[in-house]
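These notes concern the structure reproduced below.
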Amino acid sequence: MNESVPTDPTSTDAPRYDFRAAEPAWQRAWAERGSFHVDDVPVGGKPKYYVLEMFPYPSGKIHMGHVRNYTLGDVVARYKRARGFEVLHPMGWDAFGLPAENAARERGIHPAKWTWDNIAAMRAELQRMGLSLDWDREFATCDPAYYGHQQKLFLDFLTAGLVERKESWVNWDPVDGTVLANEQVIDGRGWRSGALVEKKQLSQWFLRITAYAPDLLSALDTLDRWPERVRLMQSNWIGRSEGALLSFTLTQQEGDIAKAEVFTTRPDTLFGMSFLALAPEHPLAAAVAARDPGAAAFIADCRRMGTSEAVIETAEKLGYDTGLTVQHPFIEGATFPVWIANFVLMEYGTGAIFGCPAHDQRDLDFARKYGLHVTPVVLPAAGDPASFAVGNEAYVGAGTIFNSGLLDGLEVDAAKRSIIAELEKRRIGTGVVNWRLRDWGVSRQRYWGCPIPVIHCDACGIVPVPADQLPVRLPDDVTFDKPGNPLDHHPTWKYVACPKCGAAARRETDTFDTFVDSSWYFARYCSPKVDVPVDRAAVDHWMPVDQYIGGIEHAILHLLYSRFFTRAMKQTGHIAVEEPFAGLFTQGMVNHESYRATDGTWLYPDEIEKRPDGTASHRETGAPVVVGRVEAMSKSKRNTVDPGAIIDRYGADTARWFILSDNPPERDMEWTEAGVAGAYRFTQRVFRLVEGCDEMAAAMPSEFGAAGRDLRHVAHRTIAAVSDALESFSFNVAVARLYEFVNAIADADRANDRAGLPWARREAMEILARLISPMMPHLAEQIYRRLHPAAAALVVDLPWPQPDPALVAAETVTIAVQVMGKLRATIAVQPNAAADTVIAAAESEPNVMRLLAGKHVVKRVHVPNRIVNFVLAG
RNA sequence: GCGAGAGUGGCGGAACGGUAGACGCAGUCGACUCAAAAUCGACCGACCUUCGGUCAUGGGGGUUCGAAUCCCCCCUCUCGCACCA
């Protein structure tokens with residue numbers, strides 16, 4: 001494996017492209033010229049283009065996912081730049097987060113040191129990729145110079161009524177003393193401590209994303225450069241549903257509770273009611289539990305069960321009859337039992353439902369289990385009202401309402417409207433729109449995050465930190481020797497005077513969810529040094545991001561939060577746009593084969609030797625190796641490839657080229673050693689071609705032979721084809737066209753008719769240098785310099801080449817000749833030749849003649865420049 | 001369960017309804033070499049009676065002069081959501 005790569009580039013006779021010398025040299029040249037620098041508010045009138053890739057978390061090393069992400073972005077940035085746009089292409093660090101605190105707890109390294117060291121290491125790795133980034137704009141979200149402005153934004157949101165403090169149910173780890181995200185609860189236990197997680201009500205800060213729910217949903221239609229499925233995922237997440245809110249009166253008051261409010265999307269089925277069910281966390285359930293140990297035990301069971309996906313999948317519907325009953329709002333004297341049910345969610349609607357088993361599958365399962373009655377009220381078109389019954393499958397289709405008093409005879413939709421009007425008339429309910437989206441809880445009991453800038457005063461309540469006291473900085477001297485939030489344990493940090501009354505008060509010790517940090521960084525990049533969150537002129541110029549690129553895993557949370565934040569910033573006067581990302585591209589993952597020794601231990605790709613038949617053995621011991629599935633690179637399976645090692649061995653251009661060439665960028669790709677080696681061979685091949693290039697003749701020759709003419713056609717068509725491919729994110733197709741182009745240049749070198757060929761060949765190399773420059777920027781510069789040893793210009797400063805329309809047009813076209821739709825011959829004709837001429841030429845082809853002999857041709861189809869088809873009788 | 005996307009050679013993939021398999025990887029043969037690597041050249045879907053044919057884009061129907069592409073049904077895989085009332 002990999003013998004094709006010389007350890008010493010000078011070890012063979014052929015001229016070698018020495019990427020180890022060339023790549024850093026060109027990177028220095030770009031940096032010295034400030035090639036990728038742009039101003040906050042540019043003058044000069046070039047159209048702007050803002051390219052952004054999702055900024056990395058500084059884990060310590062870049063991985064292949066980063067390489068793919070930043071290569072894709074760099075192709076776009078360099079291409080748009082050549083196309084005459086002023087391109088903003090910044091980079092920074094999503095630098096707060098739990099891993100830094102884990103490093104502190106496990107290894108005693110301060111989170112700040114751990115983070116900044118990682119940033120330094122990763123910056124160096126990224127710089128080796130030769131990305132066209134404006135490094136002057138770099139920042140890290142853990143820098144007070146960033147998070148101080150975030151605190152200001154929060155205070156502005158607070159003033160604007162976009163922030164709330166409210167009680168909410170959270171996953172609480174009693175051992176670690178912290179709130180856990182749903183993803184951090186595994187089988188009901190804390191992922192770190194292993195302790196049973198409790199549901200706890202806690203006072204938390206919330207950003208009122210629900211205030212924008214209608215707009216966040218409807219504006220999805222305007223995001224026409226977003227992938228359809230991302231818009232769909234957001235739409236589902238926001239989850240609009242129309243229905244009714246109605247309240248049921250208890251026949252006997254429970255404590256001071258007299259009514260239960262219910263949300264339903266099927267108010268038309270109200271007469272099919274059989275029971276009322278409460279979520280275990282519902283206040284009425286709690287009131288019952290206070291006097292009924294059976295109810296209390298049932299609620300405790302539900303709480304322990306949790307709501308993880310695996311549990312829901314298998315859990316059967318369980319209920320507890322409270323003994324309470326409610327009156328039916330329309331059926332005089334009818335009452336229904338009130339149950340507590342494990343399948344009712346407190347988070348959705350009102351936490352209470354009315355059960356109509358005939359027309360809801362869950363309600364039906366529940367009713368069958370507990371012997372509750374099932375009354376159908378929607379009759380299918382072909383149904384007989386006297387005999388229609390529901391078995392074990394609820395009927396959820398269209399139909400006519402029956403058994404329903406005033407609704408009888410109405411269709412489902414009409415019945416909904418009618419019953420809502422009636423509810424509103426009697427003041428027991430209203431038609432409402434309900435949203436699945438919840439407000440965004442941003443409080444985290446952690447040290448390594450942005451402090452929430454408020455102060456708790458016993459006298460004044462919650463007092464915002466005055467703007468002139470921002471940033472609220474994290475203290476450096478913290479310890480991680482006990483569980484819980486180090487900010488809370490700090491001896492002095494939280495004790496401050498109330499800004500209002502001066503009395504002793506306490507700082508908020510919670511910090512922001514790190515998703516807050518990434519919800520506005522794209523705006524900060526426009527003016528990263530100013531002493532306000534954003535400079536209006538700068539964001540007005542640069543925003544929105546024209547092309548955003550990142551992983552599909554952020555389809556909902558990060559992108560939705562950013563859309564919300566941008567709206568909130570607009571409302572508070574920081575920005576003019578409300579959609580942050582005009583174009584979104586979601587890339588696929590980078591996968592790799594996995595390998596295991598016969599004892600089951602995972603092996604790194606470096607440790608194994610592949611054989612041509614696809615089997616493998618251990619490189620050192622020769623022991624057999626099991627070649628496993630191609631799957632996402634992960635440390636535990638050791639199927640990772642280190643980008644740094646690849647760049648050492650093959651160079652950045654090779655890595656970039658391979659990652660672009662393998663497949664369409666939105667799909668998952670497989671990283672293969674053979675594929676990288678192939679890309680490396682291509683870089684050397686291109687370099688050899690320029691070595692064989694003659695000096696440019698001063699003027700274009702007046703005559704070209706066939707080879708020169710053909711090459712010029714290919715060159716100019718390649719410009720057109722590569723441009724099209726780059727515009728449509730078909731980078732693998734752009735690569736394929738460039739392979740063809742290089743093959744054509746090599747073919748021309750073997751041609752006999754050499755008139756004008758040296759000139760044409762050199763023109764081809766010039767075009768090649770520019771066309772590969774978005775993908776392989778270093779090699780492009782190297783070729784260009786070889787062609788123009790004295791030139792001061794760099795490819796990076798040159799405009800994108802324009803194809804000559806006369807050369808893009810064909811001299812002859814190949815027409816496919818079909819008989820009865822099957823290909824029988826091809827003929828070469830002049831472009832746009834007359835139908836008669838083409839059909840005559842086609843009919844004179846021997847093979848066609850043979851097939852047409854003695855047959856009656858009923859139709860001759862001619863599609864100009866494409867095809868002739870003879871349709872025979874019978 | 002609901003929703004979305006995808007099924008094309010050994011592999012990744014290409015193909016405005018118009019020559020299916022571009023281009024790359026892997027492979028075969030040859031040249032160069034003492035040899036190998038690199039490089040260069042040729043071949044490379046299956047099958048047959050091989051200057052010519054037949055069959056082939058998950059399966060089955062349909063529309064069309066012509067379908068990988070459009071329509072209907074089915075199968076498989078991937079992803080997302082999910083006791084959402």
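Lettering follows sequence order; numbering is per chain, from 1.
- Contacts of A/Arg240 with the nucleic acid, taken as non-hydrogen atoms under 4.0 Å apart, are absent.
- The glycosidic torsion of B/U19 lies more than 90° away from 0, which places this base in the anti conformation.
- Taking atom CD of A/Glu593 as the reference point, atom P of B/G12 lies 12 Å away to the nearest angstrom.
- Using a 4.0 Å heavy-atom cutoff across all strands shown, A/Val871 reaches sugar-phosphate atoms only and no base atom.
- Within the nucleic acid shown, A/Thr814 comes within 4.0 Å of at least one base atom, counting heavy atoms only.
- Between B/G53, B/C83, B/A22, one nucleotide has an atom nearer to the side chain of A/Arg737 than all others, and that is B/A22.
- If you check B/G13, B/G18, B/C23 against the side chain of A/Arg667, the one that comes closest is B/G13.
- As judged by a 4.0 angstrom heavy-atom cut-off over every strand, A/Asn869 is placed among the base-contacting residues.
- Rounded to whole Å, the distance from CZ on A/Arg850 to C1' on B/G52 is 7 Å.
- No side-chain donor from either of A/Ser274 and A/Tyr370 sits under 3.5 Å from a side-chain acceptor of the other.
- Note on A/Arg750: only backbone sugar-phosphate atoms sit closer than 4.0 angstrom, heavy atoms only; bases stay farther off.
- Counting any heavy atom pair closer than 4.0 Å across all strands shown, A/Arg229 reaches sugar-phosphate atoms only and no base atom.
- In this structure, A/Phe298 and A/Tyr320 have parallel ring planes: the angle between them is below the 30° cut-off, well short of the 60° mark.
- Between A/Phe682 and A/Tyr739, the angle of the ring planes lies from 30° to 60°, which puts this pair in the tilted group.
- Among the protein residues, A/Asp360 comes within range of no part of the nucleic acid, since none of its heavy atoms lies under 4.0 Å from any strand.
- Residue contacts shown for A/Thr265 are limited to sugar-phosphate atoms, with no base heavy atom under 4.0 Å away.
- Residue contacts shown for A/Asn743 are limited to sugar-phosphate atoms, with no base heavy atom under 4.0 Å away.
- By the 30° and 60° cut-offs, the orientation of the rings of A/Phe658 relative to A/Trp671 is perpendicular.
- Salt bridge status for A/Arg761 with A/Asp749: present, with a side-chain N to carboxylate O gap under 4.0 Å.
- Here A/Asn847 lies in heavy-atom contact (under 4.0 Å) with sugar-phosphate atoms only.
- An anti orientation is assigned to B/G66, its glycosidic angle lying beyond 90° of 0.
- Taking 4.0 angstrom as the limit, A/Arg266 places none of its side-chain polar atoms (N or O) nearer than this to OP1 or OP2 of B/C84.
- Among the heavy atoms of the strands lying under 4.0 Å from A/Tyr739 are primed sugar atoms or P, OP1, OP2 only; no base atom is included.
- For B/C40, one of the phosphate oxygens OP1 or OP2 lies less than 4.0 angstrom from a side-chain nitrogen or oxygen of A/Arg688.
- Across all strands, A/Glu740 comes closer than 4.0 Å only to sugar-phosphate atoms, never to a base (heavy-atom distances).
- Counted by atom type alone, A/Asn732 and A/Asp662 present zero donor-acceptor pairs between their side chains at under 3.5 Å.
- Base pairing of B/U50 is not made with any nucleotide, judged by Watson-Crick or G-U wobble geometry with both donor-acceptor distances under 3.5 Å.
- One can place CZ of A/Phe658 at 11 Å from P of B/C25, the figure rounded to the nearest angstrom.
- Only one option out of A/Glu673, A/Met64, A/Met669 pairs with A/His592 in a side-chain contact (heavy atoms from CB on, under 4.5 Å); it is A/Glu673.
- Summarising the base pairing, B/U76 is matched to B/A6 through a Watson-Crick or G-U wobble pair whose two defining distances lie under 3.5 Å.
- Between the CZ atom of A/Arg368 and the C1' atom of B/C83 there is a distance of 18 Å, rounded to whole Å.
- Taking atom CZ of residue A/Phe870 and atom C1' of nucleotide B/G18, one finds them 15 Å apart after rounding to whole Å.
- Evaluation of atom-type donor-acceptor distances gives a pair under 3.5 Å for the side chain of A/Lys317 against the base of B/C83.
- Note: CD1 (A/Ile552) to C1' (B/C81) measures 13 Å, nearest angstrom.
- If you check every strand for non-hydrogen atoms under 4.0 Å, A/Val344 touches a base.
- Rounded to a whole Å, the CH2 atom of A/Trp237 is 11 Å from the C1' atom of B/A82.
- Judged by closest nucleotide on RNA chain B, A/Ala736 is the one of A/Asp363 and A/Ala736 placed further toward the 5' end.
- For A/Arg362, a side-chain nitrogen or oxygen approaches OP1 or OP2 of B/C84 to under 4.0 Å.
- A/Gly349 comes within contact range of no nucleotide atom at all, as no heavy-atom separation falls under 4.0 Å.
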